[in-house]
Peer 1: 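If you scroll down you'll find the structure; I have some questions about it.
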Amino acid sequence: SETSDSFVDYAQKRTDDIRALGNIRNWKKYNGAMNKLKAFLKSKNKKDLTFAELTPSLLSDFDTFLHQLPNERQPELLLHQNSIQVVFRVFRAILNKAVSEDKKMLPQDNPFNVFTCSGISTTKEKLTDDELNRMLALDLPEGSLIWHCRNYFFFSFYCAGIRVGDLIQLRWCNITNEGRLVYTMGKTNRPRDLKLIPDALDILHYYKKDDAKPTDYIFPLLDGKATWSKYVTQEEKNRMPADMKENLFKAIGAKTALINKELALIAKMAGIEKKVSTHVARHTFARKAKDEGMDNLAVKDMLGHSSVSITERYMGSFSTERIDNAMREIFKKDEDSEMNNIIKQLQGLSPEKLQMVLAQIQ
């Protein structure tokens with residue numbers, strides 16, 4: 001029976017295929033999941049796993065194993081529930097392909113028919129206007145690393161929460177003569193075209209050199225002499241070999257970590273308790289849009305999301321202050337209406353009867 005085939009070999013080939021296709025972001029997820037599966041099998045003194053052995057019970061054992069692994073970013077803590085959910089999503093996707101396309105397992109034998117792994121809601125950190133102003137008010141030495149990193153954060157915020165991976169790769173050809181930012185998002189391949197506000201233009205002014213070429217990187221982050229730097233458009237980058245894509249991905253990851261380290265320091269200096277990172281600029285823009293009364297469809301377009309449900313997760317719940325004000329407005333109308341009715345009734349009374357009514361109220 002084909003169901004005795006190695007699941008590990010099949011899953012590894014699928015992982016390698018994703019890398020060969022150049023989807024490095026997705027490959028990182030698959031590769032991480034494979035490493036965890038191999039560590040689990042090693043803990044059981046096994047090297048392989050057949051499709052026949054893939055049962056809900058085995059997935060439960062794997063789940064227990066994952067819950068005991070240390071978190072890579074914070075080794076003193078254990079793996080986050082949402083990281084565990086990502087691992088199971090990867091294997092569910094692999095199994096679905098194995099069942100539907102490659103007939104490695106019968107649909108009714110798929111353990112994910114029974115086994116489920118849920119994530120948990122996390123708080124999307126957003127900064128208030130006061131916190132943003134405190135960051136801007138910090139006296140940072142111009143030209144220093146920490147000063148640059150504050151610029152990167154606010155440029156992202158001013159540009160509808162441009163993702164850090166896209167910001168790091170921006171070139172002067174992405175800025176039009178009309179003062180617009182035109183680029184293609186690396187994560188989704190969706191085009192973006194934004195009018196730059198004066199605050200964003202002020203930041204760009206610091207970085208523009210007289211001899212700057214259109215293909216030069218705007219921000220001093222990536223090596224302009226690296227092999228991947230000659231590929232400018234997203235279309236060209238999509239066609240780079242997998243090794244080159246991975247090297248670029250690693251360089252962006254290293255710069256993102258560097259910026260986030262400085263942003264944590266900025267937050268501390270500004271007396272901000274929240275964990276501030278590059279992605280917080282994106283969440284903060286969504287919060288600002290919400291506070292200005294933008295509807296979710298408008299914010300969806302601004303953030304470049306593929307669906308409104310993603311935007312709604314960013315928008316978070318309305319603040320209690322806004323709800324309080326809305327409630328006041330709603331019931332104020334009822335109060336006004338009631339007052340108008342009373343006035344109408346009193347208008348028909350003689351002065352003597354009006355005096356009597358007022359005496360009763362007192």
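Index from 1, following the sequence.
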Peer 1: Between F153 and I266, is any pair of side-chain heavy atoms under 4.5 Å apart?
Peer 2: no
Peer 1: Quick one: do V232 and L181 end up in the same hydrophobic cluster if we chain Ile, Leu, Val, Met, Phe, Trp and Tyr together by side-chain heavy atoms under 4.5 Å apart?
Peer 2: no
Peer 1: Start with the C-alpha gap between R190 and T184, add the side-chain angles, then the distance that decides, and say whether side-chain contact (heavy atoms from CB on, under 4.5 Å) holds.
Peer 2: CA-CA 6 Å; R190 293 166 72 90; T184 301; over 6 Å; no
Peer 1: For the pair T64 (side chain) and S60 (backbone), establish whether a donor and an acceptor sit closer than 3.5 Å, ignoring hydrogens and angles.
Peer 2: yes
Peer 1: Please tell me whether D223 and Y217 have a donor and an acceptor in their side chains that are separated by less than 3.5 angstrom.
Peer 2: no
Peer 1: Could you measure the distance from the CD1 atom of I168 to the CG atom of L222? Nearest 0.5 Å is fine.
Peer 2: 6.0 Å
Peer 1: Below 30° counts as parallel, above 60° as perpendicular, anything between as tilted: where do the rings of F40 and F62 land?
Peer 2: tilted
Peer 1: Using every non-hydrogen atom in the two residues, find where V90 and A33 come nearest and quote the distance to one decimal.
Peer 2: CG1-CB, 3.8 Å
Peer 1: Could you tell me whether R180 atom CZ has more than 12 heavy atoms of other residues or ligands within 6.0 Å of it?
Peer 2: yes
Peer 1: With rounding to the nearest 0.5 Å, note down the distance linking OG in S118 to CD in Q81.
Peer 2: 7.5 Å
Peer 1: Specify the closest pair of heavy atoms between G161 and R282, including all atoms of both residues, with the distance to one decimal.
Peer 2: O-NH1, 2.7 Å
Peer 1: Can you name the nearest heavy-atom pair linking K275 to V280, along with the distance?
Peer 2: O-CG2, 3.6 Å
Peer 1: Salt-bridged, K126 to E131, with N to O below 4.0 Å?
Peer 2: no
Peer 1: What's the shortest heavy-atom distance between A200 and C159, and which atoms?
Peer 2: CB-SG, 4.2 Å
Peer 1: Does the distance from a Lys or Arg side-chain N to an Asp or Glu carboxylate O, for K187 and D166, drop under 4.0 Å?
Peer 2: no
Peer 1: Could you go through the side-chain contact (heavy atoms from CB on, under 4.5 Å) check for H279 and V164 one step at a time?
Peer 2: CA-CA 7 Å; H279 210 61; V164 66; over 6 Å; no
Peer 1: When you measure from the side chain of N113 to the backbone N and O of N110, does any donor-acceptor pair fall under 3.5 Å?
Peer 2: yes
Peer 1: Does any non-hydrogen side-chain atom of L69 lie less than 4.5 Å from one of L66?
Peer 2: yes
Peer 1: If hydrophobic clusters are built by linking Ile, Leu, Val, Met, Phe, Trp and Tyr wherever their side-chain heavy atoms come under 4.5 Å apart, do L201 and L170 end up in the same one?
Peer 2: yes
Peer 1: Compute both the distance and the angle, then confirm whether K245 meets the cation-pi test with W228: under 6.0 Å from the six-membered ring centre, within 45 degrees of the axis.
Peer 2: no
Peer 1: Going hydrophobic residue to hydrophobic residue with side-chain gaps under 4.5 angstrom, can you get from I197 over to I203?
Peer 2: yes
Peer 1: Can you tell me how far the CG atom of L58 sits from the CZ atom of F7, to the nearest 0.5 Å?
Peer 2: 10.0 Å
Peer 1: For residues 12-26, please give each side-chain donor-acceptor pair under 3.5 Å, one per line with the distance, not counting sequence neighbours.
Peer 2:
from	atom 1	to	atom 2	distance (Å)
Q12	OE1	K38	NZ	2.7
Q12	NE2	D16	OD1	3.0
K13	NZ	D17	OD2	3.0
T15	OG1	A11	O	2.8
R19	NE	E246	OE1	3.1
R19	NH1	D243	OD1	3.2
R19	NH2	D243	OD1	2.7
R19	NH2	E246	OE1	2.4
N23	OD1	N26	N	3.2

Peer 1: Is the closest side-chain heavy-atom distance between D199 and F154 below 4.5 Å?
Peer 2: no
Peer 1: Name the orientation class of the two ring planes belonging to F219 and F155 (parallel below 30°, tilted from 30 to 60°, perpendicular beyond 60°).
Peer 2: perpendicular
Peer 1: Around atom CD of E235, are there more than 12 heavy atoms from other residues, nucleotides or ligands closer than 6.0 Å?
Peer 2: no
Peer 1: Check for a donor-acceptor pair, side chain of N174 on one end and backbone N or O of V182 on the other, with a separation under 3.5 Å.
Peer 2: yes
Peer 1: Inspect the surroundings of CG in D139 and state if more than 12 heavy atoms from other residues, nucleotides or ligands are less than 6.0 Å away.
Peer 2: no
Peer 1: If we ignore hydrogens and angles and just use 3.5 Å, is the side chain of Q169 paired with the main-chain N or O of G165 as donor and acceptor?
Peer 2: yes
Peer 1: Before giving the answer on side-chain contact (heavy atoms from CB on, under 4.5 Å), spell out for L59 and F91 the whole-Å C-alpha distance, their side-chain angles and the decisive distance to 0.1 Å.
Peer 2: CA-CA 10 Å; L59 293 182; F91 289 124; 5.9 Å; no
Peer 1: Start with the C-alpha gap between Y183 and D193, add the side-chain angles, then the distance that decides, and say whether side chain to side chain donor-acceptor pair (under 3.5 Å) holds.
Peer 2: CA-CA 7 Å; Y183 72 102; D193 186 340; over 6 Å; no
Peer 1: Mind checking whether F157 and F285 have parallel, tilted or perpendicular rings, split at 30° and 60°?
Peer 2: perpendicular
Peer 1: Do M135 and I146 share a hydrophobic cluster (ILVMFWY, side-chain heavy atoms under 4.5 Å, transitive)?
Peer 2: yes
Peer 1: N260 and V276: side-chain contact (heavy atoms from CB on, under 4.5 Å), yes or no, with the steps?
Peer 2: CA-CA 7 Å; N260 285 340; V276 178; over 6 Å; no
Peer 1: Is any side-chain heavy atom of V114 less than 4.5 Å from a side-chain heavy atom of T55?
Peer 2: no
Peer 1: I want to check something: taking the side chain as every heavy atom from C-beta on, are L127 and R134 in contact at a cut-off of under 4.5 Å?
Peer 2: no
Peer 1: Tell me whether S83 contacts the main-chain N or O of L79 through its side chain, where contact means a donor paired with an acceptor under 3.5 Å.
Peer 2: no
Peer 1: Are L95 and P111 close enough that some pair of their side-chain heavy atoms sits under 4.5 Å apart?
Peer 2: yes
Peer 1: Can you tell me how far the CG atom of N247 sits from the CE atom of M240, to the nearest 0.5 Å?
Peer 2: 9.0 Å
Peer 1: Using atom types as modelled and distance alone, determine if a side-chain donor or acceptor of E236 lies under 3.5 Å from a backbone N or O of T233.
Peer 2: yes
Peer 1: Considering only heavy atoms from C-beta outward, does the side chain of E262 approach that of Y152 to under 4.5 Å?
Peer 2: no
Peer 1: Taking all heavy atoms of S156 and all of L167, pick out the closest pair and write down the distance.
Peer 2: N-CD1, 3.9 Å
Peer 1: Minimum heavy-atom separation for L136 to R150, with atom names?
Peer 2: O-NH1, 3.3 Å
Peer 1: So does C117 get a backbone contact from the side chain of D63, meaning a donor-acceptor N/O pair under 3.5 Å?
Peer 2: no
Peer 1: Hey, could you give me the CG/CD1 distance between L194 and I162, rounded to the nearest 0.5 Å?
Peer 2: 8.0 Å
Peer 1: Using a strict threshold of under 4.0 Å (side-chain N to carboxylate O), is an ion pair present between D216 and R171?
Peer 2: no
Peer 1: Do I218 and L145 sit in one hydrophobic cluster, given that two such residues count as connected whenever their side-chain heavy atoms are within less than 4.5 Å of each other, even indirectly?
Peer 2: no
Peer 1: Can you tell if the side chain of L248 reaches within under 4.5 Å of the side chain of I252, non-hydrogen atoms only?
Peer 2: yes
Peer 1: Answer yes or no: are there more than 12 heavy-atom neighbours, outside K230 itself, under 6.0 Å from its atom NZ?
Peer 2: no
Peer 1: Show your reasoning for whether side chain to side chain donor-acceptor pair (under 3.5 Å) applies to S6 and D48.
Peer 2: CA-CA 7 Å; S6 165; D48 208 349; 2.7 Å; yes
Peer 1: Give, for atom CG of L78 and atom CG of N71, the distance between the pair rounded to the nearest 0.5 Å.
Peer 2: 8.5 Å
Peer 1: Given 3.5 Å as the limit, does a donor-acceptor pair link the side chain of E101 with the main chain of A98, or not?
Peer 2: no
Peer 1: Are E72 and K28 ion-paired here, with the side-chain N under 4.0 Å from a carboxylate O?
Peer 2: no
Peer 1: Ring centroids only, cut at 6.0 angstrom: are Y206 and W147 within range, meaning strictly under it?
Peer 2: yes
Peer 1: Should we count NZ of K250 as having more than 12 external heavy atoms under 6.0 Å?
Peer 2: no
